[in-house]
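Source: prediction; values computed, not measured. Residue numbers start from 1 in every chain, and the chains themselves are labelled A, B, ... in the order their sequence lines are given, proteins ahead of strands.
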Amino acid sequence: MVRGNVISVVATVLIAIGITSAAYIHFQEEETTAVTAVGAHIYTMEDIFGAGEEKTIGNYTSVALDDVFKMMNLKNPEAYNYTIFSSDGNDKSISWMNATQALLTNDGLVIFSDLGWIKNVTMIKTGNRSLIIFDAFVKFWNETVKIEEENYTGIPLDILVEKIGIKEPAEYTYTFIAVDKYKKTVRWEDARSGIIVWQAETKLKVVLPDLPKAFWVYHLFRLEVKHE
Amino acid sequence: MNKAKLILGMLVFGSIWGLLECTLGDYLHETNLPAGTIMTVVVGLGLMILSRSIYRQRGMQLGMGLIAGGLRYVNPVGGYLLCSVFAIAAEAVVFELIWSLLDINELSLSEKIGMGIITGYGCYTLGYIFTQVATPLFSSVPFYLSDLISILPSILAKGLIAAGLGVIVLPLATSLKTIDIYKIKDRFYYPTTFVVIGVCWLVGTIII
């Protein structure tokens with residue numbers, strides 16, 4: 001009888017802990033930005049589409065490009081010129097005025113009302129600030145790395161870090177965060193040979209060949225770069 | 001209990017567990033199913049409960065975990081799998097701790113359901129936490145406490161699925177206990193166990 005009661009109480013407490021944790025995760029406030037220590041803002045397409053207002057140009061309705069620029073948190077965004085980088089090398093410099101008449105689609109296409117379009121957009125830069133469209137970067141970058149007899153196509157971390165503008169990568173730690181908050185922090189020496197890939201099943205995934213698979217974060221949602 | 005029979009039983013169950021980790025575990029990890037929970041509760045816990053109810057020997061399941069972890073470690077497919085080895089070993093340790101004072105065969109159905117929750121939840125969450133701490137320590141990567149704290153709610157929440165599976169697996173595994181180990185003749189027991197162990201290690205280390 002006593003044994004049965006103790007078992008019931010312990011089982012109930014564990015269920016309560018599980019339910020409380022699930023509720024905590026469910027009601028946790030969603031963060032929307034991942035700002036690195038080097039003035040680069042890294043977003044996923046989902047972040048961008050959640051933050052901007054919709055605009056229509058011709059047959060396309062999508063997020064307004066000036067709203068995307070505002071995500072770089074500049075004091076007077078109208079005063080700057082911006083360079084839009086494409087993975088195929090067709091980069092274009094535009095003014096704020098041009099941006100007010102343009103939109104960004106979720107397949108990485110920037111459409112202007114009067115300047116044509118840029119496809120496979122991965123990054124926007126102005127001065128020493130940059131906005132990385134993380135998943136676009138990975139999707140449109142087609143570098144292949146062979147790890148354990150398997151080919152992974154995406155963007156190698158050393159290239160991503162260079163594009164973000166990090167000059168001394170060894171001075172930073174790199175935290176990979178998954179959609180379910182699974183989180184792994186690694187040093188540059190462990191991350192440098194890694195690659196971020198896009199796969200249908202795991203979405204964004206970081207592959208770190210020098211580390212156990214527990215460090216390979218699936219459903220990657222954010223990369224935080226912090227000074228050690 | 002004859003010690004040789006017990007050790008061979010431990011090797012049989014541990015080898016089957018290890019082989020399933022190398023085959024079914026790898027397959028499940030490639031799908032969207034909760035691979036860790038299924039392997040921990042349905043396979044690991046199921047085999048530990050079944051062996052405990054057949055052999056009624058404390059400590060045997062810890063040995064099974066070490067054997068399964070060993071087979072997982074030497075399996076050539078899947079690369080660097082230290083984390084899986086830690087998870088298997090930790091699960092066996094937690095099982096032994098939880099069942100150190102109880103006899104599975106003496107429990108009522110309601111007690112088995114309660115213990116299914118406790119064992120499923122305990123093995124999954126504590127095994128997961130131990131793996132997160134041990135893997136960095138044994139692979140020369142710094143351990144960041146903030147990483148563990150941030151995923152703790154997720155681990156504790158996912159333990160609910162393990163607890164739910166435990167409710168089914170524990171009564172089911174104890175009901176499968178139809179073999180009376182004392183009645184099996186030695187001339188059947190020893191060759192059969194040797195064959196099962198040999199096949200598991202052959203398949204797990206060479207063929208797969």
Let me know if [X] has heavy atoms under 4.5 Å from chain B in its side chain, its backbone, both or neither.
| X | answer |
| --- | --- |
| A:I177 | neither |
| A:T185 | both |
| A:T173 | side chain |

Do you know which of [options] has the most heavy-atom pairs under 4.5 Å to chain A?
| options | result |
| --- | --- |
| B:I118, B:L148, B:L102, B:I117 | B:I118 |
| B:S110, B:A87, B:G114 | B:G114 |
| B:I151, B:D147, B:T131 | B:D147 |

Shortest non-hydrogen contact from [X] toward [Y]:
| X | Y | value |
| --- | --- | --- |
| B:L45 | B:V41 | CB-O, 3.0 Å |
| B:C200 | B:L71 | O-CD2, 4.1 Å |
| B:S150 | A:K183 | OG-CD, 3.1 Å |
| A:G194 | A:P209 | CA-CD, 3.9 Å |
| A:G154 | A:I195 | N-CD1, 3.7 Å |

Are A:W188 and A:Y174, when compared by the centres of their aromatic rings, separated by less than 6.0 Å?
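Judged by ring-centre distance (under 6.0 Å), A:W188 and A:Y174 do meet the cut-off.
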
For the OH atom on A:Y60, are there more than 12 heavy atoms of other groups (residues, nucleotides or ligands in this structure) within a distance under 6.0 Å?
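No, the 6.0 Å shell around OH holds no more than 12 heavy atoms from other groups.
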
With a sphere of 6.0 Å drawn around CZ of A:R192, does it hold more than 12 non-hydrogen atoms of other residues, nucleotides or ligands?
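For A:R192, atom CZ is not crowded (no more than 12 foreign heavy atoms under 6.0 Å).
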
Chain A neighbours within [range], where any heavy atom lies under 4.5 Å away:
| range | result |
| --- | --- |
| residues 58-69 of chain B | none |
| residues 156-170 of chain B | B:L156, B:A157, B:K158, B:L160, B:A163 |
| residues 8-18 of chain B | none |

Side chain / backbone / both / neither for B:S154 at chain A, heavy atoms under 4.5 Å
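For B:S154, the contact with chain A is made by backbone and side chain together.
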
Side chain, backbone, both or neither: which part of B:L107 has a non-hydrogen atom closer than 4.5 Å to chain A?
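Both parts, heavy atoms under 4.5 Å.
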
Walk me through whether A:L157 and A:V206 qualify under side chain to side chain contact (heavy atoms under 4.5 Å, CB included).
CA-CA 9 Å; A:L157 280 169; A:V206 62; 4.1 Å; yes

Could you go through B:M115 and B:W99, starting from their C-alpha distance and side-chain angles, then the distance that decides it, and tell me whether this counts as side chain to side chain contact (heavy atoms under 4.5 Å, CB included)?
CA-CA 9 Å; B:M115 285 308 291; B:W99 288 95; 3.8 Å; yes

With rounding to the nearest 0.5 angstrom, report the CD1 to OG1 distance, B:I7 to B:T193.
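Those atoms lie 11.5 Å apart.
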
Angle between ring planes, A:Y152 versus A:W216, binned at 30° and 60°: parallel, tilted or perpendicular?
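If you compare the ring of A:Y152 with that of A:W216, the planes turn out perpendicular.
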
Show the numbers, then the answer: is there a side chain to side chain contact (heavy atoms under 4.5 Å, CB included) between B:W201 and B:V74?
CA-CA 10 Å; B:W201 281 81; B:V74 297; 3.8 Å; yes

Looking at A:T105, A:D107, A:V110, A:L109, which hits side chain to side chain contact (heavy atoms under 4.5 Å, CB included) with A:S62?
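By the side chain to side chain contact (heavy atoms under 4.5 Å, CB included) criterion, A:S62 pairs with just one of A:T105, A:D107, A:V110, A:L109: A:T105.
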
For A:K70, enumerate each residue passing the salt bridge (charged side-chain N to carboxylate O under 4.0 Å, His left out) test, keeping only those at least two apart in sequence or located in another chain.
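Result, salt bridge (charged side-chain N to carboxylate O under 4.0 Å, His left out) vs A:K70: A:D67.
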
Please determine, by modelled atom types, if B:K3 and B:Q57 share a side-chain donor-acceptor pair under 3.5 angstrom.
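Side chains of B:K3 and B:Q57: no pair found under 3.5 Å.
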
Do A:R3 and A:I7 have side chains that approach each other closer than 4.5 Å (heavy atoms only, starting at C-beta)?
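Yes, side chains in contact.
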
